[in-house]
Amino acid sequence: MRDDDDAEAEEEFTFSTQLRKVRGYNEFAASEPPSALSKLIDQLKEPLILLLLGSAVVSLLLGEVGDAVSIVLAVAIVVAVAHIQEQRSSESLAALSKLVPHYCHLVRDGVTSHVLANELVPGDIVTFSTGDRVPADVRIIESVQLETDESPLTGEIKPRRKTTDALGPSTSISERDNTAFMGTLVKSGSGRGVVVATGPQTEFGAIFAMVDEVVEQRTPLQLSMDDLAKKLSMASFAIIGVICLLGLWQRRGALEMFTIGVSLAVAAIPEGLPIVVTVTLALGVLRMSHRKAIVKRLPSVETLGSISVICSDKTGTLTTNKMTVCELWTLEDGKIDAKELPDSPSPSLARTLLVGNLCNNARRDEKGEYVGQATDVAMASVVRHDARGSFTRTAEMPFSSETKWMSVTGTLTVPPSAANIGQGSTTYTKGAVEAVLERAPHAQTAEIRRAADEMAKRGLRVLACAVGTTFCGLQAVQDPPRQGVRESIAELRRSGIQIIMITGDAEPTANAIARQVGIDGGASMLGSQIDSMSERQLQESIDRVSVFARTTPRHKMSIVRALQSNGHVVAMTGDGVNDAPALKLADIGIALGRGGSDVAKEASDVILVDDNFATILPAVEEGKGIFYNIQNFLAFQLSTAVAALSLITLSTAAGLKLPLNPMQILFINILMDGPPSQSLGVDPVDRAVVMRRRPRRKDAPVLTRRVLMRVLFSATIIVLGTLYIYVAELTDDGFADERDQTMTFTAFVFLDLTSAVQNRGLTTTLTGNRMLTLTVSVSLVSQLLLVYFPPLQGVFKTTSLGLGDLTLLVVIAGLGFAAHEGRRRWERQRADEEDGQDAADGWGGLAVA
Ligand code: ATP
């Protein structure tokens, strides 16, 4: 029998695989990205590169073949490096787009499983319920009050009721009520159906083919980097113009000045800056995904470092969402331990258990375990015998976070004798105690509430059960806090982030769990209190509140708004459809990967793969760390540009022969824009240091005073060291030759690489950033090749240096290194001192938890 099953499963598997081959995957192929070659050609079309190539042509016409070849080769190297980096940037961005896979519920052999939506083929049977995106075009075969939002397809905002009825001859999309369309959203109810079209064959696919234009959004940081690059370009052009005029006035060769001017422009303009920023952000996002936080859009990385309040759901985020009924209570029996249920229960206990059993949507999965809403699973698991087999359900009022109760109506063919229930149609209700007592009032309400409160104060979720309009008892559900949550909360609070719990549960339950996870010290507030307050009143009192209880999703909007108007940068978690507006409104919307609805995921910026609150911590750490890294490579890149410009300006002004030739300047450009710079972007984040800092102000500039000071410091060291060598070489023999230029060039490169190493994170050890060690070593070896390898000597116009020369250069670099060490020590001390007071550069001091 087993073998037959296996063979059948295999056959089916091969059948769907075959079908997939014919029909393709259930996804849309975005238009082909431009090929590597066409991108390369685009890069060659850059104005500066064209100018350089122009100067090569002029050199050629003037008969200076060697110069022409050198310029072309140097341009080739510059373009190749830029090209590789750009490829890397688009590869990491492409990797990002695959981080959020879309799943659906597939039914095979009566068993539901969670599969990737892109694997569906026509003929598959799928189910969907409130909050799901319909995974393909599906002919409905079962519908429970199913309504879908078809606005993406038809523009019609009103949800459309979907039925199983056969249709008349009309085939317009807006009238095909027995089909749920791919990409539309289940607004309410649930349904089941047969996949009739996938991918490009769906109605959505037809539209997608028309609007296949994905506009890439640039982050505020990227924009400010673009802006910075533009300003720097203008400044460089101005300086270069002055240098050229000065040179011409000094009757230097026009072609020489032109070529120097253009290569200086290539070197001084940090055209690689925006790319390095993008790659750094994208790599940060990939690193976060390894730590189970998926950041959907690059701008969110920046905001993560500025979060000052995190509003978190309780159930499933702070707690495990593994619920078990641990106690029951009836007026007749008092408290009963769920592990010691009597064999012959009292009528009210039997009824309480029966309500939990019948008014329940938990189903068994392929492994025979209950799946569904955690509360339902808990209540289904506590009964020994599932009575739903002999229950015919005629109606259901589904549970909603707004009403906080659910009921089912139907007839039982064999009611349990102890429950004393007739054979007619009956309604079974379970839900929040107040909500159920409102529907089933009881003379001993006060006593019932007291019992419920006592259980809630121990952190239990209490549900009341009623048959018809008669209250029968309480079930108390346990949902323990997740491991590691308490520690993460403590850590986040130490870094100045306030944590707020928002829950639909009762106040005592919420307060008890809040205490257990370390959200204490604040007041608690009820959803109904929010309703009775004006916006202004809420704004005034919200900073004192750390727990919101008995809320509905719409309260989340008021909470976010009030916090934001108090100047907070708010992160908010959510899972349900109704959470979507608040997730969108928050500065960072955080959806739950497993328990969250598709809508919540779409509305959010970050997805927690494991639903765990503790995962927010690494995301915040990375978000803060990335900023430091960006500042570090900014300091390095800018100091190189400033040094190159100053060096040429100073020597031109002094009437000296130029210390570097165009090819050498282009090589320096590769160091500045290329690998060493990128490695500074992946400096390991020092969690302890980063988390000691208060959240960054949202509008704080990246280029702070401290970064500018560092740029000046690094550039000064490079210029002083290089000029010293150049002047010493010149005075040596009185005129400038290839040897002098080689010495100056090598001095510049050594000092620049020292600056790269020393601009790493303040607490990163010398070999702590392996990528930096590697790229700096490779750059060093390349420099030695340029100096000693004859073919390259020809291109870069260098000559071999003696051991004494090299030793002198190493000593100079060593001095530069030592000066940087002094600066680093001073900066570290400053940072420590500033912990405790707000720093002027946008990073606050140590947070007082
Ligand atoms: P959190 O916001 O912390 O995640 P929650 O969203 O899980 O909490 P709700 O699901 O809105 O909170 O639950 C609120 C209340 O509704 C619960 O305290 C419980 O009394 C009641 N309740 C929860 N689930 C069910 C259910 N399946 N059937 C009936 N009532 C329920």
Show me, pair by pair, the donor-acceptor contacts under 3.5 angstrom made by side chains of residues 462-472, not counting sequence neighbours?
none

Is the closest side-chain donor-acceptor distance between [X] and [Y] under 3.5 Å?
| X | Y | result |
| --- | --- | --- |
| R461 | T375 | yes |
| S401 | T552 | no |
| N357 | D386 | yes |
| D611 | N321 | no |
| T615 | N612 | no |

Hey, are [X] and [Y] close enough for a salt bridge, meaning a charged N less than 4.0 Å from a carboxylate O?
| X | Y | result |
| --- | --- | --- |
| R351 | E332 | no |
| E491 | R494 | yes |
| D177 | R160 | yes |
| K314 | D505 | yes |
| E402 | R554 | yes |

Just wondering, are more than 12 heavy atoms of other shown residues or ligands nearer than 6.0 Å to CE in M557? yes

Using a cut-off of 6.0 Å, state whether more than 12 heavy atoms not belonging to E487 lie near its atom CD. yes

The criterion is side chain to side chain donor-acceptor pair (under 3.5 Å); which residues satisfy it with T429, sequence neighbours excluded? none

Check side chain to side chain donor-acceptor pair (under 3.5 Å) between R544 and all other residues, then give those that pass, not counting sequence neighbours. none

Taking the cut-offs as 6.0 angstrom to the six-membered ring centre and 45 degrees off its axis, would you call R364 and Y370 a cation-pi pair? yes

Using side-chain heavy atoms (C-beta onward) and a distance below 4.5 Å, is Q564 in contact with L585? yes

Going through the checks in order, is the side-chain contact (heavy atoms from CB on, under 4.5 Å) test met by R384 and D343? CA-CA 10 Å; R384 293 184 195 149; D343 289 333; 3.0 Å; yes

